[in-house]
Every structure is written in C-alpha cells, then in structure tokens.
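In what follows, every chain begins at residue 1, and chains take the letters A, B, ... in the order their sequences are listed.
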Number of protein chains: 2
Amino acid sequence: MVVDEEVDRLFHALADATRRDLLRRSADGELSVSRLADGYAMSFAAVHKHVAVLERAGLVTKTRHGREQLVRTDPAAVARARQALDELEATWRGRVDRMSDLLAHPTRGENR
Amino acid sequence: MVVDEEVDRLFHALADATRRDLLRRSADGELSVSRLADGYAMSFAAVHKHVAVLERAGLVTKTRHGREQLVRTDPAAVARARQALDELEATWRGRVDRMSDLLAHPTRGENR
DNA sequence: GTAACGTATAACCAGATGGTTGTAGATGAA
DNA sequence: TTCATCTACAACCATCTGGTTATACGTTAC
C-alpha cells in the first residue's frame with residue numbers, strides 16, 4: 001500500500017507536460033541535466049527545478065559522471081503510480097460490486 | 001492518444017488525497033455534494049471546489065436529483081489515466097529496448 | 001593556472017491553488 | 001407560504017508553482 005504524501009508527489013510530478021517529456025527522454029539515463037535542458041524553450045534553472053520535482057517524487061535518479069549529472073527514469077516509480085491507480089480502482093470497483101450484489105440479492109443486503 | 005492538457009488536468013486532480021478519497025466515495029453515485037462534504041474537516045465550499053476539479057478532469061459526473069446533485073465516479077476517466085501512464089511507459093520502454101538492441105547488436109545499431 | 005562548462009541555489013515575480021466567509025438562487029418539506 | 005436545505009459563486013487570503021536572472025562552486029579541458 002502506497003502512502004498518501006508519496007502518491008501526492010507522484011501524481012503532481014506527472015501533472016506537467018514538460019516533466020512527462022523529461023521522463024520519456026531520461027529513459028536510458030544517458031542525458032545530463034544540461035543536455036535535457038537544451039530541448040526546451042526555458043532556462044536551465046527551470047529545467048533543473050523540474051528534474052528536482054521528478055527526483056523528489058522518486059521518478060528519476062541522478063548519477064554523477066564527471067561534472068555531469070546523468071538522469072535516469074526509475075521504472076519502479078511508474079509502477080508505483082500504476083499501483084496507486086489500481087488501488088483506487090479496486091476500492092471503488094469493490095463498492096460498485098457490493099451495490100450490484102445488493103441489487104441482485106435485495107433481501108440479503110439489508111445490513112451492510 | 002490522450003492530449004496533453006487533458007492529462008495535466010487528470011493527474012493534477014489525482015494529486016490530492018481529499019480528491020482521491022472523494023473519488024472512492026463517489027463510486028456508486030449515491031452521495032450528494034453535501035453528503036460528501038460531511039466527511040471532511042473543511043467547509044462545504046472547499047469540498048465543492050474539489051468536486052469541481054474532479055469534474056473538469058472528467059473523473060466524476062453530477063446528475064440532479066431533486067435539489068441534490070449526485071456525484072458519480074467515471075470509470076472511463078481512470079482508464080484514461082492508466083492509458084496515459086501506459087503510453088509514457090511504452091515510449092520509454094521502447095527507448096530502453098532500442099538501447100538493449102544496440103548493445104546486443106552493436107554493428108547494426110548505427111543509424112536510428 | 002585559467003577558462004569554460006555543468007550544477008546548484010538564492011531572490012524575485014506573476015499566477016494558480018486550496019482554503020475561508022458571505023451571499024444568493026432553487027428546490028422540497030411543513 | 002414560509003422555512004430549511006442544497007448548490008453555486010464571489011471576494012478574499014496565504015501558500016505553492018513555475019518561471020526568471022544572478023551568483024557561486026566543482027570539475028574538466030586547454
């Protein structure tokens with residue numbers, strides 16, 4: 001089970017097109033923050049902040065390589081996001097099922 | 001393929017614990033905004049705003065029932081969120097695969 | 001050794017977000 | 001009809017967000 005604040009950070013990080021693009025471009029971990037920043041019409045500092053948001057959400061990791069900091073997407077993190085969605089869906093699917101059950105067996109659904 | 005701004009709204013709506021809870025509680029669409037609001041330590045207006053965010057993201061729909069407005073989670077919307085995650089994962093899985101391929105057949109991986 | 005590059009961080013700003021209280025209009029119940 | 005309830009929205013406020021420029025510090029290249 002995934003804790004609330006972590007899910008907050010996760011979905012918040014995903015709720016920005018630039019950051020989602022950064023995630024895609026950081027798949028194989030060969031690009032530095034500067035190289036990543038080259039792709040956008042914003043300052044290096046802005047991109048650096050976006051990477052920081054992704055990092056705090058656990059979606060990417062950085063590894064030093066000389067003076068560069070290589071960024072790599074963490075597949076496990078996206079799996080965590082999916083799990084959070086799954087848990088959401090499961091809860092509410094559960095409720096719907098309970099209701100269907102209630103409709104199917106009305107005489108037995110009185111105390112819930 | 002899901003358009004960017006829609007995904008923004010989707011993930012932003014999901015990035016708040018109160019709203020995720022509202023989604024769960026709105027599974028079977030039997031609760032009004034007021035009934036939903038009873039569950040939280042915040043004003044009705046605040047909950048009303050949260051519901052509006054969910055609505056703009058397409059995660060819930062409201063249907064009038066007398067003077068009440070019943071809120072119901074839209075399963076298709078959560079499916080859209082999942083699809084967005086899938087597309088993200090696919091892109092980057094694709095990159096990783098291409099890289100693995102490059103490592104496996106170094107002489108054939110020059111033009112990509 | 002010095003210059004260039006890459007990263008990190010601070011200070012600042014406009015606009016969005018998440019909360020509040022207050023008010024007003026519809027609708028249903030007495 | 002009158003009153004209570006539910007919804008909607010406006011105005012306000014503090015904080016967060018996403019951008020900027022400027023500056024400082026390590027590391028590499030020359």
When the distance from CG of Asp8(A) to C1' of dC16(D) is rounded to whole Å, what number comes out? 13 Å

Taking only residues at least two apart or on different chains, which pairs with a member in residues 17-37 of chain B satisfy ring pair (Phe, Tyr, Trp, His ring centres under 6.0 Å)? none

For dA10(D), does OP1 or OP2 lie under 4.0 Å from any side-chain N or O of Lys49(B)? no

Tell me the interatomic distance from Glu5(B), atom CD, to dA16(C), atom C1', rounded to whole angstroms. 14 Å

Would you kindly give the NE2-to-C1' distance between His48(A) and dC5(C), to the nearest whole Å? 14 Å

Listed by chain and number, what are the side chain to side chain contact (heavy atoms under 4.5 Å, CB included) partners of Ala17(A), not counting sequence neighbours? Arg20(A), Asp4(B), Asp8(B)

For Asp21(B), give me all partners under salt bridge (Lys or Arg N to Asp or Glu O under 4.0 Å), at least two apart in sequence or on another chain. Arg24(B)

For the helix from dG1(C)-dC30(D) to dA30(C)-dT1(D), what is the angle between the axes at its two ends, each from 5 pairs, rounded to 10°? 20°

Spacing between Phe11(A) atom CZ and dT17(D) atom P, to the nearest angstrom: 17 Å

With the side chain of Phe44(B) defined as its heavy atoms from C-beta on, choose the nearest nucleotide among dA8(D), dG19(C), dA8(C). dA8(D)

Please confirm whether the backbone N or O of Leu36(B) pairs with a side-chain atom of Arg25(B), one donor and one acceptor, at under 3.5 Å? yes

Using the test salt bridge (Lys or Arg N to Asp or Glu O under 4.0 Å), find all partners of Asp74(A) that sit at least two apart in sequence or belong to another chain. none

Here the ring pair (Phe, Tyr, Trp, His ring centres under 6.0 Å) pairs for residues 16-38 of chain A, sequence neighbours left out, are none

Contacts of Arg35(B) that satisfy side chain to side chain contact (heavy atoms under 4.5 Å, CB included) - sequence neighbours left out: Leu31(B), Ser32(B), Asp38(B)

Selection from dT7(C), dG19(C), dG18(D) that lies nearest to any side-chain heavy atom of Ala46(B): dG19(C)

Pairwise side-chain contact, Leu88(A) with Leu14(B), heavy-atom cut-off 4.5 Å (strictly under): yes

Using a 3.5 Å cut-off and no angle test, enumerate the donor-acceptor pairs between side-chain atoms of residues 42-68 of chain A and protein atoms at least two apart in sequence or in another chain.
unit_1	atom_1	unit_2	atom_2	d
Ser43(A)	OG	Ala46(A)	N	3.1
His50(A)	ND1	Arg19(A)	NH1	3.1
Arg64(A)	NH1	Arg67(A)	O	3.4

Once base and sugar-phosphate atoms are separated, protein heavy atoms under 4.0 Å mark nucleotides 24-30 of chain C, 5' to 3', with B, S and - as ---BB--

Members of residues 52-60 of chain A that approach DNA chain D, where some heavy atom sits under 4.0 Å away: none

Euclidean distance, atom NE2 of residue His50(A) to atom C1' of dT20(D) [Å, nearest integer]: 12 Å

Within a strict 4.5 Å, meaning less than it, do heavy atoms of the Val7(B) and Arg80(B) side chains meet? no

At under 4.0 Å between heavy atoms, what does Thr18(B) touch on the DNA or RNA strands: base, sugar-phosphate, or nothing? nothing

The complete set of ring pair (Phe, Tyr, Trp, His ring centres under 6.0 Å) pairs with one or both residues in residues 10-39 of chain B, sequence neighbours excluded, reads Phe11(A)-Phe11(B)

For atom CG of Leu31(B) and atom C1' of dT7(D), their distance in whole Å: 16 Å

Can you pull out the residues from residues 33-43 of chain B that lie within a 4.0 Å heavy-atom distance of DNA chain D? Val33(B), Ser34(B), Arg35(B)

OP1 or OP2 of dG26(D) sitting under 4.0 Å from any side-chain N/O of Gln69(A)? no

Take Val78(A) and Leu85(B), measure what side-chain contact (heavy atoms from CB on, under 4.5 Å) needs, and give me the verdict at the end. CA-CA 7 Å; Val78(A) 186; Leu85(B) 274 184; 3.9 Å; yes

I need the NE2-P distance between His12(B) and dG15(C), as an integer number of Å. 18 Å

Is it the case that one hydrophobic cluster holds both Tyr40(B) and Leu70(B), taking links as side-chain heavy atoms less than 4.5 Å apart, direct or via other members? no

Taking CG from Leu22(A) and P from dG19(D), how many angstroms apart are they, rounded to a whole number? 10 Å

To the nearest 0.5 Å, what is the distance between OG1 on Thr91(A) and CG on Asp86(A)? 10.5 Å

